[in-house]
Amino acid sequence: MTSLIRSEIRRLTSRRLVKALVGLALLAITVTGVLVAVYSRGFERFSILNLPGVLEGTSFLLGAGGWVIGASFAGAEWESGSITTLLTWESRRTRVILTKVAVVAGGMFLIGVFAEALFALVLALVAATRGTTAGADVDLVRAVVTLGLRVAALSGIGAALGFSLAMVSRNTGAAIGIAFAYLAIVEAIMRGLRPGWRPWLLGDSASAFVLAGDPVIGRSVWSAAAVLLVYAGGFILIATTTFRIRDVT
């Protein structure tokens, strides 16, 4: 079990897509920090009180990034055929897939925590040197920390969902395409035709989770988290079942 976990961690950290996305995130944080510092002057100085709103805006990017990496993590193995090789030395398929999903979801959560913490520190530095820190208190710090953790958790859940879809479809592109079609088209139609279903939709629940609740749809942060975990658990169960009964060749 330990060797399998180490193997999956090495595979995740060595993927060029992961390195590329992390590099892009670092570049985006740097550029954003510079731009905010440059344009923070006069009556338009950047306020530390705007930090939670800025971090909320990163939730979609991290969630989508988690989905893409999760889908790629599974899809690449099917496309290269390495999943067959893996099963020659670890034949317990349930252990294999659960280890994989735990590694990719946990890995994306940690990357999300790092990205949110770094972004918050950069903007806090800008506020302290070029903007204003008036109004900063313990409650703000607590709000920023909990928000960052929620965004990172959303990234991990997105990775689990993307991974599960790719395991079922055996294709990275299919998993990403299904996500886009469902979130951008199917859920949009459902919101219009069945407004009462909004509390159970993936996109609305994700938004309520990041925003610490949404009174419009009647979701608290915990009930939204429960809906997201049910989605993730259901997808993982389907992926595990199909992986156990289908031929891998």
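Counting begins at 1 with the first residue of the sequence. Keep in mind that this is a model prediction, so the values were computed, not measured. Computation of the quantities below employed the complete heavy-atom set of this structure, encompassing side-chain atoms and omitting hydrogens, waters and symmetry-equivalent molecules.
The closest donor-acceptor contact from the side chain of Thr133 to the backbone of Ala136 lies at 3.5 Å or more, if one exists at all. Using modelled atom types, one side-chain atom of Thr241 and one backbone atom of Leu237 make a donor-acceptor pair closer than 3.5 Å. Checking side-chain atoms of Ser40 against main-chain N and O of Arg130 turns up a donor-acceptor pair under 3.5 Å. Thr99 places a side-chain N or O within 3.5 Å of a backbone atom of Arg95 that can act as its donor or acceptor partner.
The heavy-atom pair separating Met108 from Ala159 by the smallest distance is CG-CB, 3.6 Å. Here the shortest heavy-atom pairing between Ala206 and Leu154 reads CB-CD1, 3.8 Å. Considering all non-hydrogen atoms of both residues, Ala74 and Ala166 come closest at CB-CB, 3.7 Å. Nearest heavy-atom pair, Arg150 versus Val210, reported as atom, atom and distance to 0.1 Å: NH2-O, 2.8 Å. Nearest heavy-atom pair across Met167 and Ala239 is CB-CB, 4.1 Å. Taking both residues in full, the closest heavy atoms of Leu202 and Tyr231 are given as N-OH, 3.7 Å, listed atom of the first, atom of the second, then distance.
Considering CE of Met190 and CH2 of Trp200, their distance stands at 12.5 Å, rounded to 0.5 Å. Put simply, CG on Leu21 and CZ on Arg16 are 13.0 Å apart, with the number rounded to the nearest 0.5 Å. Note that OG of Ser169 and CD1 of Ile176 are 9.5 Å apart. Values are rounded to the nearest 0.5 Å. Of the inter-residue distances, the one linking Ile29 atom CD1 with Leu24 atom CG reads 11.0 Å to the nearest 0.5 angstrom. Between the OG atom of Ser3 and the CD1 atom of Ile5 there is a distance of 8.5 Å, given to the nearest 0.5 Å. Expressed to the nearest 0.5 Å, how far CD1 of Ile69 lies from CD1 of Ile111 amounts to 5.5 Å.
Cluster membership for Val103 and Val96, using ILVMFWY side-chain heavy atoms within less than 4.5 angstrom, is shared. In terms of hydrophobic clustering, with Ile, Leu, Val, Met, Phe, Trp and Tyr side chains grouped at heavy-atom distances under 4.5 Å, Trp222 and Val151 are assigned to a common cluster. Under the 4.5 Å side-chain heavy-atom criterion for ILVMFWY residues, no single connected hydrophobic cluster contains both Val113 and Leu118. The cluster map of Ile, Leu, Val, Met, Phe, Trp and Tyr, joined by side-chain heavy atoms under 4.5 Å apart, puts Val186 and Phe235 in the same cluster. Put simply, Leu125 and Phe46 are part of two different groups of oily side chains (I, L, V, M, F, W, Y) that touch within less than 4.5 Å, one to the next.
With a 4.5 Å cut-off on side-chain heavy atoms, Leu161 and Trp67 count as touching. The shortest distance between side-chain heavy atoms of Thr132 and Leu49 does not fall below 4.5 Å. Taking 4.5 Å as the limit, some side-chain heavy atom of Arg142 sits within range of a side-chain heavy atom of Val138. Contact check for Ile238 versus Val168: side-chain heavy atoms found under the 4.5 Å cut-off. Two residues are said to be in side-chain contact when any heavy atoms from C-beta on lie closer than 4.5 Å; Tyr182 and Leu201 meet this criterion. Side-chain contact between Phe114 and Leu26 is present, with heavy atoms from C-beta onward closer than 4.5 Å. Between Leu35 and Thr32, the closest side-chain pair of non-hydrogen atoms is not below 4.5 Å. Thr13 is not listed as a side-chain neighbour of Val18, based on a closest heavy-atom distance of 4.5 Å or more.
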Practice task
List the steps and the verdict of side-chain contact (heavy atoms from CB on, under 4.5 Å) for Phe243 and Ile83.
Solution key: CA-CA 11 Å; Phe243 185 55; Ile83 190 71; 4.0 Å; yes
Exercise for the section: Report the C-alpha separation of Phe119 and Thr58 in whole Å, then their side-chain angles, then the decisive distance to 0.1 Å, and conclude whether the side-chain contact (heavy atoms from CB on, under 4.5 Å) test is met. Expected result: CA-CA 10 Å; Phe119 198 22; Thr58 66; 3.6 Å; yes
Exercise for the section: List the steps, then state whether side-chain contact (heavy atoms from CB on, under 4.5 Å) holds for Phe109 with Leu149. Expected result: CA-CA 8 Å; Phe109 172 75; Leu149 290 175; 4.2 Å; yes
Problem - Derivation of the salt bridge (Lys or Arg N to Asp or Glu O under 4.0 Å) call for Arg170 and Glu79 - result: CA-CA 7 Å; Arg170 301 188 178 190; Glu79 292 158 15; over 6 Å; no
Practice task
Could you please spell out the steps behind the side-chain contact (heavy atoms from CB on, under 4.5 Å) verdict for Leu98 and Ile236?
Solution key: CA-CA 8 Å; Leu98 293 182; Ile236 293 170; 4.0 Å; yes
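In this structure, a donor-acceptor pair under 3.5 Å is absent between the side chains of Arg219 and Ser205. Looking at Thr85 and Thr88, their side chains never bring a donor and an acceptor atom within 3.5 Å of each other.
By the neighbour-count criterion of 12 heavy atoms within 6.0 Å, atom CZ of Arg191 is densely surrounded, having more than that number from other residues, nucleotides or ligands. The 12-atom threshold is not exceeded at CZ of Phe60, counting heavy atoms of other residues, nucleotides or ligands nearer than 6.0 Å.
Here Arg198 does not pair with Glu187 in a salt bridge; the nearest charged N to carboxylate O distance is not below 4.0 Å.
The only member of Val54, Ile48, Leu51, Asp139 that meets side-chain contact (heavy atoms from CB on, under 4.5 Å) when paired with Val144 is Leu51.
Cation-pi contact between Lys100 and Phe73: present, with separation from the ring centre below 6.0 Å and deviation from the ring axis of at most 45°.
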